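One structure below.
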Amino acid sequence: MHPTPHTPHPTPPYLRLDRITKRFGTFTANDSINLEIPTGGIHALLGENGAGKTTLMNILSGLYRPDAGQIYLKGKPVEITSPNVAIQQGIGMIHQHFMLVPQLTVAENIILGTGASLRLNLRQKAQAIAAMSEAYGLAVDPFAVVGDLPVGAQQRVEILKALYRQAKLLILDEPTAVLTPPEIKTFFDVLRQLAATDHTIIFISHKLEEVLSLCDAVTVLRRGQVVATTTTNGATRQDLAKLMVGRDVLFQLDKTSGTHAESAVDRTVLAIHNLHVSDDRALAALKGVSFQLQAGEILGVAGVDGNGQRELADAIAGLRPATQGTIALNGTDITHWTAQQRVKQLKFGYIPEDRQKMGLVMRFSIARNLILKAFQRLPFCRHWLLQRSAIDAHANHAIQTFDIRATSGKLQLNQLSGGNQQKVVLARELSGEPALIIAMQPTRGLDVGATEYVQKALLAERSRGAAILYISTELEEVMAMSDRIAVLYEGQFLAVLDAQTATSATIGLLMAGDRSLLNSLN
């Protein structure tokens with residue numbers, strides 16, 4: 001009698017989620033979610049804003065407790081009852097909205113909460129952090145104050161914070177939103193290196209090309225449920241987009257109205273001359289920027305985050321003073337006008353880069369957020385009293401016009417998904433047919449459906465004759481939306497290019513400060 005040959009047990013996945021369910025009142029955010037990721041795998045998690053991705057990851061990172069289901073790590077059931085327990089289990093999450101203390105330095109943020117010690121020896125820890133940042137290609141000054149850093153550098157701090165805690169499961173929420181194409185390539189090399197050394201990675205992104213090029217497999221959520229799990233081999237971004245939103249998504253933008261709206265050709269709306277602006281540290285952020293923006297034109301501003309984009313947008317909106325130079329709107333010098341004067345007397349819309357911190361009051365209702373710039377005027381205010389019926393009617397009209405997914409204008413903003421929050425900003429800033437629109441990172445963190453909606457809304461404003469300054473770190477997006485593209489580097493426009501003839505390679509090199517191309521472009 002021959003012995004039965006031994007069959008080895010298959011290696012369990014590093015992470016397995018079994019029927020994870022999470023409810024908020026009567027709303028089910030996660031409905032019996034099943035997910036498996038092998039050790040060393042890079043797994044994408046896709047879905048529309050509000051599909052349940054962030055809720056699921058907050059369960060993994062200990063911010064929420066599931067109402068039902070079980071989490072397994074390396075085949076063993078675990079109870080993740082707090083963020084501290086998640087860290088002890090080797091789980092690190094880098095959130096889309098960063099979890100950093102702005103007043104502390106990079107080193108202080110990274111070591112915060114890692115354990116008490118009578119001898120902190122911050123300088124020694126900072127040296128270790130600097131060495132680690134260099135090893136992973138995520139260079140950042142450990143002694144810099146986080147609040148003084150651009151968004152891109154803060155992203156690197158978040159990733160280093162997780163690696164410093166020796167996380168073996170990394171959850172990355174929109175990690176490339178603030179990186180240039182060369183930086184993204186380097187960052188992906190880092191992630192592949194981590195995966196090769198038995199780190200397991202969950203990659204949340206709306207950039208479908210990145211998902212297809214980086215990830216081994218993808219799980220798609222829709223309305224809290226898994227609708228598909230598939231390998232990326234052979235998949236297309238059209239396939240993934242349709243799974244996400246339940247319909248075909250057009251990736252080609254329709255700009256059939258021409259380079260400019262014909263009725264508005266050669267009418268200068270915005271004229272900037274020799275503009276100098278300081279940042280929050282009183283350092284020069286803009287150094288002599290000059291340009292003109294015509295009616296019916298989109299001027300895209302491409303550049304790595306932190307090269308003066310925020311200061312440019314804020315100076316035009318009146319939120320930051322110009323130290324030198326002039327700003328003229330429709331021929332009127334508004335350089336020294338206050339933000340309040342500009343709002344009251346000018347027709348312009350400003351979509352800020354951070355909708356939650358700059359664009360909205362999260363604890364206010366949709367209706368109140370929609371009148372933030374006009375609450376002292378008729379019909380919303382009469383004899384210093386708010387007119388509720390007019391405010392509610394205005395909100396209901398905006399909800400229908402801008403397809404805001406909400407049952408009522410009385411709903412608080414913090415109950416909406418990111419895409420619907422951005423639609424509230426659009427509804428407010430595009431009302432009244434503004435002559436000038438400053439769009440600062442208008443699609444950051446939005447899914448393909450919401451991105452398509454925002455871009456179509458802005459193109460409709462362009463066709464109407466609005467002048468649009470479109471500022472984004474998404475190079476592909478700037479090229480698709482713009483008539484002309486200005487490349488901003490260290491506070492200066494290196495070049496202004498025709499969007500129809502400019503190439504991503506040329507713009508990418510200029511974004512990195514390569515001035516050797518300038519002679520050939522002139």
Side-chain angles (χ1 to χ4, degrees), residues 12-17 20 35-45 53-64 71-101 104 106-115 125-126 128-140 142 146 153-177 179 186-205 214-217 219:
Y14 187 86
L15 171 70
R16 182 164 74 91
L17 303 183
I20 295 294
L35 176 66
E36 289 189 5
I37 308 176
T39 301
I42 305 179
H43 196 103
L45 188 64
K53 305 184 302 296
T54 301
T55 299
L56 187 62
M57 294 304 100
N58 283 339
I59 289 172
L60 262 182
S61 58
L63 291 172
Y64 295 157
I71 300 169
Y72 295 87
L73 289 176
K74 294 185 286 188
K76 298 179 180 178
V78 295
E79 298 291 333
I80 302 175
T81 55
S82 70
N84 192 44
V85 171
I87 291 167
Q88 291 171 3
Q89 293 285 353
I91 299 172
M93 181 167 180
I94 293 89
H95 294 265
Q96 181 181 333
H97 298 282
F98 305 144
M99 303 292 184
L100 300 170
V101 182
L104 298 183
V106 169
E108 289 167 341
N109 267 280
I110 289 174
I111 68 171
L112 190 64
T114 56
K125 285 182 168 58
I129 289 167
M132 183 179 70
S133 70
E134 287 293 329
Y136 286 113
L138 298 165
V140 65
V146 162
Q154 292 185 28
Q155 174 82 70
R156 293 194 287 273
V157 176
E158 281 280 24
I159 296 168
L160 288 168
K161 189 170 72 172
L163 294 173
Y164 185 81
R165 287 161 171 73
Q166 299 183 338
K168 298 297 287 182
L169 172 62
L170 280 174
I171 304 168
L172 305 174
D173 192 359
E174 298 289 343
T176 66
L179 303 178
T186 302
F187 179 60
F188 282 4
D189 289 341
V190 170
L191 295 184
R192 292 186 183 103
Q193 175 187 333
L194 288 169
T197 54
D198 289 340
H199 287 79
T200 302
I201 297 167
I202 298 176
F203 187 83
I204 304 172
S205 177
L214 174 70
C215 301
D216 310 307
T219 293

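The model shown is predicted, which means the values in this text are computed figures rather than measured ones.
Rounded to the nearest 0.5 angstrom, Ile94 CD1 and Ile159 CD1 are separated by 5.5 Å. To the nearest 0.5 Å, atom CG of residue Asp189 and atom CG of residue Leu194 are 11.0 Å apart. The CG atom of Leu170 sits 11.5 Å away from the CE atom of Met93 when rounded to the nearest 0.5 Å. Rounded to the nearest 0.5 angstrom, Ile202 CD1 and Ile171 CD1 are separated by 5.0 Å. Atom CD1 of Ile111 sits about 6.5 Å away from atom CD1 of Ile129, to the nearest 0.5 Å. Note that the CG atom of Leu163 and the NZ atom of Lys168 stand 10.5 Å from one another [nearest 0.5 Å].
Arg165 places a side-chain N or O within 3.5 Å of a backbone atom of Ile110 that can act as its donor or acceptor partner.
Across all their heavy atoms, Ile80 and Leu60 have their closest contact at CD1-O, 3.3 Å. Smallest separation of non-hydrogen atoms from His43 and Leu35: NE2-CD1, 3.4 Å. Counting all heavy atoms, side chain and backbone alike, Val85 lies closest to Glu79 at CG1-O, 3.6 Å. Across every non-hydrogen atom of Ile91 and Ala167, the tightest pair is C-CB, 4.3 Å. Contact detail for Lys161 and Leu100: the closest heavy-atom pair is NZ-CD2, 4.0 Å. Of all non-hydrogen atoms in Ala130 and Pro142, the two that sit nearest each other are CB-CG, 4.1 Å.
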From CA spacing to verdict: side chain to side chain contact (heavy atoms under 4.5 Å, CB included), Val146, Val101: CA-CA 7 Å; Val146 162; Val101 182; over 6 Å; no
Side chain to side chain contact (heavy atoms under 4.5 Å, CB included) between Leu45 and Phe203, intermediate numbers included: CA-CA 6 Å; Leu45 188 64; Phe203 187 83; over 6 Å; no
CA sep, side-chain torsions, deciding dist, call: Leu15, Ile71, side chain to side chain contact (heavy atoms under 4.5 Å, CB included): CA-CA 8 Å; Leu15 171 70; Ile71 300 169; 4.1 Å; yes
CA sep, side-chain torsions, deciding dist, call: Leu56, Leu17, side chain to side chain contact (heavy atoms under 4.5 Å, CB included): CA-CA 10 Å; Leu56 187 62; Leu17 303 183; 3.9 Å; yes
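Residues Thr200 and Pro38 form no side-chain contact, since every pair of their non-hydrogen atoms from C-beta on lies 4.5 Å or further apart. Using a 4.5 Å heavy-atom threshold, the side chains of Ile42 and Cys215 count as touching. Taking the side chain as every heavy atom from C-beta outward, Asp173 and Met57 never approach each other to under 4.5 Å. At a threshold of 4.5 Å between non-hydrogen side-chain atoms, the residues Phe187 and Pro175 count as touching.
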